[in-house]
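What follows is a set of notes on a single structure, which appears directly below.
Just so we're on the same page: letters track the sequence lines, and every chain starts at 1.
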Number of protein chains: 2
Amino acid sequence: MQDMKKYTIKDIAKLAGVSKGTVDRVIHNRGKVSETALKKVNNILKEIDYQPNLIAQSLKNNKNCHLCILMPDPEIDPYWAPCIDGIEEALNEFSPFGTTLEYVYFNPFNKDSFEKQSLLALKSEFDGILLAPLFQKESIAFINECDKIKKTYFLFNNDLKSVDSQKFVGQDLFQSGRIGAKLIHSTLKGNAEVAIIHIDEVFKNATHMQEKEKGFRSYFNELKDNSFSLNTYKLKHRNANNLKKTIKYFIDTHPEINGFFVTNSKINLLAALLNNSKKSTCVVGYDLLQENIKYLKSGIIDYLIHQNPKRQAYLGTVFLADYILFNKVIPNKNLIPIDIVNSENYMGYLK
Amino acid sequence: MQDMKKYTIKDIAKLAGVSKGTVDRVIHNRGKVSETALKKVNNILKEIDYQPNLIAQSLKNNKNCHLCILMPDPEIDPYWAPCIDGIEEALNEFSPFGTTLEYVYFNPFNKDSFEKQSLLALKSEFDGILLAPLFQKESIAFINECDKIKKTYFLFNNDLKSVDSQKFVGQDLFQSGRIGAKLIHSTLKGNAEVAIIHIDEVFKNATHMQEKEKGFRSYFNELKDNSFSLNTYKLKHRNANNLKKTIKYFIDTHPEINGFFVTNSKINLLAALLNNSKKSTCVVGYDLLQENIKYLKSGIIDYLIHQNPKRQAYLGTVFLADYILFNKVIPNKNLIPIDIVNSENYMGYLK
DNA sequence: CTAAAATATGTGCTCGAGCACATATTTTAG
DNA sequence: CTAAAATATGTGCTCGAGCACATATTTTAG
């Protein structure tokens with residue numbers, strides 16, 4: 001609230017009765033400064049709380065920032081499509097500061113594809129890389145490689161246990177499972193048969209869903225209400241038709257279930273086959289895919305938990321660019337809020 | 001994705017075989033350029049899609065941006081406290097670009113205070129002002145004055161009907177009411193006595209709450225379920241003790257109510273007096289005040305609708321600074337998402 | 001006490017855009 | 001055809017930070 005006059009190095013030099021070269025040496029601890037000069041300059045720096053002009057600084061540095069984005073192909077899994085919007089939004093903000101981008105997609109259901117594409121990415125001359133480390137082991141190998149060749153990386157979507165959490169933006173998946181549980185609890189109150197359903201299309205990329213299940217179960221364990229019974233079901237398959245039959249068979253053989261918690265965005269596959277005539281049911285799943293919103297609007301899905309891939313990718317890009325261009329520190333623990341979405345507030349989260 | 005080499009004016013001058021002065025004149029349409037030179041330069045500009053270096057530009061302009069924040073005193077109404085965090089966060093981002101701030105607080109329950117403080121603000125030498133226009137008529141007078149003296153303004157929290165919505169960031173209050181209704185509907189299912197409760201401490205600043213009520217009622221109207229009965233109650237008073245008695249009396253005389261929708265952050269006053277022994281009740285209100293979260297955790301409040309004052313103020317500040325410093329256009333219709341908060345996801349929205 | 005070495009300090013250029021002013025070229029008037 | 005006026009073009013400074021290099025001052029060795 002004080003009158004924040006912006007001091008320049010020249011101002012400081014004049015105030016201290018030295019040249020700007022000396023001020024510069026003091027600021028950057030480059031030595032070759034007498035103790036008298038050092039003290040004078042330091043006192044003034046402290047007094048006026050000198051902040052260098054970021055604009056002048058970055059003009060001088062004239063750094064460029066070329067980022068590489070290593071993520072699943074949104075054509076293969078539409079969950080990732082909003083990430084592009086978030087990244088492009090960040091690019092818009094940073095391209096006047098010399099930021100450029102390059103996308104490298106991999107098939108999220110195919111480990112080999114990740115390995116192949118990550119090698120491709122490494123060949124590129126990027127200054128920083130943003131990646132969704134879907135495959136634990138392979139991703140760790142990849143970032144070790146990045147460390148070795150001194151390239152900055154940043155993770156989004158899911159964390160890697162062995163990695164500095166300062167380099168990650170995403171959600172707390174355990175807590176996210178608890179939220180699902182709370183929603184089903186609020187809606188069904190008691191005497192409910194609850195199913196935790198893992199629908200997995202091709203590849204078992206399960207750490208994600210397991211964390212959610214853990215959180216979900218922890219909520220009900222703490223509740224100590226015997227009138228809820230919980231069971232886990234894994235609905236897998238090889239091709240889409242097959243999966244549809246599996247789900248249909250599951251629904252038909254479990255008419256007693258009235259609470260459905262689907263641990264990923266595939267909930268629309270279940271919703272398509274659910275009959276909403278049964279009065280007291282609660283269906284909770286993940287992600288604002290068009291297909292999911294359709295069933296949210298029609299009332300078959302009660303709640304969707306929003307993982308906000310767009311914001312995750314946006315923030316990841318911004319952190320990287322800010323770090324590379326302006327040496328800004330990346331804030332610690334970037335857990336973004338977990339949004340509860342129903343038929344009345346989903347609009348706010350699209351675009 | 002092409003090789004985005006960053007061209008400078010010097011590069012263009014060389015390519016066109018002219019001096020940078022001529023290039024500059026072409027770029028800014030300042031005339032005094034022969035047709036041959038004009039064509040040559042324009043062709044190259046088009047060809048390389050020249051984008052001026054924003055950093056160099058703003059170093060040259062060396063604009064300062066002094067913002068004034070005209071908002072309610074958070075000491076008087078704690079709802080506003082998070083706004084300060086959001087504004088300071090924005091300030092952190094922009095102070096290296098020469099942005100400074102000045103707060104002018106008014107008493108949100110006192111029109112005269114607003115008028116007095118807004119006059120005070122006008123005396124200040126600001127480049128832009130961010131305000132929460134609580135008082136319709138007075139605020140319109142104020143921004144008309146701003147228009148007259150050509151000062152940039154931006155609104156947050158609530159809109160003014162007569163004002164360009166491009167200068168506003170906030171939430172859709174009607175929709176927010178519908179969300180409250182949906183939550184009560186999901187939780188209570190049917191056969192419910194629902195109360196819409198306006199708790200107003202001193203001043204009737206009602207447009208806010210009226211919009212929410214309209215949305216709330218519109219949801220139930222569309223539902224066409226006779227088993228819900230809706231009633232509106234206005235709980236007013238002159239001093240806090242008095243209000244407590246009023247609320248207590250209201251609760252005691254309306255034991256039949258099981259759905260409570262409180263249209264503002266004062267829901268903790270109701271929650272403090274509610275008995276949660278009754279099994280099938282649903283209490284929905286607004287805002288993540290500490291007092292509200294207490295009752296959310298204890299289970300008396302089921303849902304809080306998050307108006308995200310922090311993000312509103314953050315975005316407002318960012319838009320103003322970006323506009324003043326970099327001539328960025330302020331995006332149209334800045335309606336931020338309306339977050340549904342329960343005991344399991346509130347943490348993500350704090351800080 | 002002097003010359004060389006070590007240390008301290010200052011100067012002037014750069015980053016890219018933008019503009020004032022100086023200079024060069026073309027057009028017009030007589 | 002020439003001088004003045006009009007027009008076109010180019011030069012060099014500035015914004016603030018940062019650094020290489022030039023210069024000044026102090027210390028050390030003999």
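For the pair Ile12(B) CD1 and dG18(C) P, the computed distance is 11 Å after rounding to whole Å. We find that CG of Asn62(B) is positioned 14 Å from P of dG18(C), with the value rounded to whole Å. As rounded to whole Å, 14 Å separates atom C1' of dG10(C) from atom CD1 of Ile9(A). Atom NZ of Lys32(A) is separated from atom P of dT25(D) by 18 Å (rounded to the nearest Å). Nucleotide dA17(D) holds its C1' atom 14 Å from the CG atom of Leu45(A), rounded to whole Å. Between Lys40(A) atom NZ and dT9(C) atom C1' the separation is 11 Å, expressed in whole Å. Distance, Phe97(B) CZ to dA17(D) C1': 14 Å, rounded to whole Å. Rounded to an integer number of Å, the gap from CG of Asp11(A) to P of dG16(D) is 8 Å.
Comparing Glu35(B) and Leu59(B) along DNA chain D, the residue whose closest nucleotide (by nearest heavy atom) sits nearer the 5' end is Glu35(B).
Pairing of dA4(D), defined by two Watson-Crick or G-U wobble distances under 3.5 Å, is identified with dT27(C). With both pairing distances under 3.5 Å, dT11(C) is matched to dA20(D) as a Watson-Crick or G-U wobble pair.
Regarding contacts with the backbone of dA17(C), every side-chain N or O of Tyr7(B) stays at 4.0 angstrom or more from both OP1 and OP2. Here Asn53(A) does not reach the OP1 or OP2 of dC15(D): none of its side-chain N or O atoms lies under 4.0 Å away. Listed pair Tyr50(B) / dA17(C) meets the phosphate criterion, a side-chain N or O lying under 4.0 Å from OP1 or OP2. Taking only side-chain nitrogens and oxygens, Thr22(B) comes nearer than 4.0 Å to OP1 or OP2 of dG10(D). OP1 and OP2 of dG18(C) both lie 4.0 Å or more from every side-chain N or O belonging to Asn61(B). Between Gln57(B) and dG18(C) there is a side-chain polar atom (N or O) within less than 4.0 angstrom of OP1 or OP2.
Each of dT9(D), dC15(C), dT11(D) was ranked by its minimum atom distance to the side chain of Lys20(B); first place goes to dT11(D). Nearest nucleotide to the Arg30(A) side chain, out of dA17(D), dC19(D), dA17(C): dC19(D). For Thr8(B), whose side chain is taken as the heavy atoms from C-beta onward, the closest listed nucleotide among dT9(C), dC15(C), dG16(C) is dG16(C). Comparing dC15(C), dG18(C), dT9(C) against the side chain of Ser34(A) picks out dT9(C) as the nearest. Residue Asp24(A) has its side chain nearest to dC19(D) when only dT9(D), dC15(C), dC19(D) are considered. Counting only heavy atoms from C-beta on, His28(A) has its side chain closest to dG18(D) among dG18(D), dG18(C), dT9(D). Nearest nucleotide to the Val18(A) side chain, out of dT9(D), dG10(C), dA17(D): dG10(C).
With hydrogens and angles ignored, a donor-acceptor pair closer than 3.5 Å exists between the side chain of Arg25(B) and the base of dG10(D).
Contact check on Lys151(B) versus Glu145(B) returns no salt bridge, with no Lys/Arg side-chain nitrogen under 4.0 Å from an Asp/Glu carboxylate oxygen. Comment: Lys6(B) does not engage Asp11(B) in a salt bridge, judged by the lack of any side-chain N to carboxylate O separation of less than 4.0 angstrom.
Ring centroids of Phe97(A) and Phe326(A) are separated by less than 6.0 Å, placing the two rings close together. Ring centroids of His66(B) and Phe126(B) are separated by 6.0 Å or more, keeping the two rings apart. If you look at Phe106(B) and Phe114(B), their ring centroids are closer than 6.0 Å.
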Full working for side-chain contact (heavy atoms from CB on, under 4.5 Å) between Ser58(A) and Leu325(A)
CA-CA 7 Å; Ser58(A) 53; Leu325(A) 289 171; over 6 Å; no
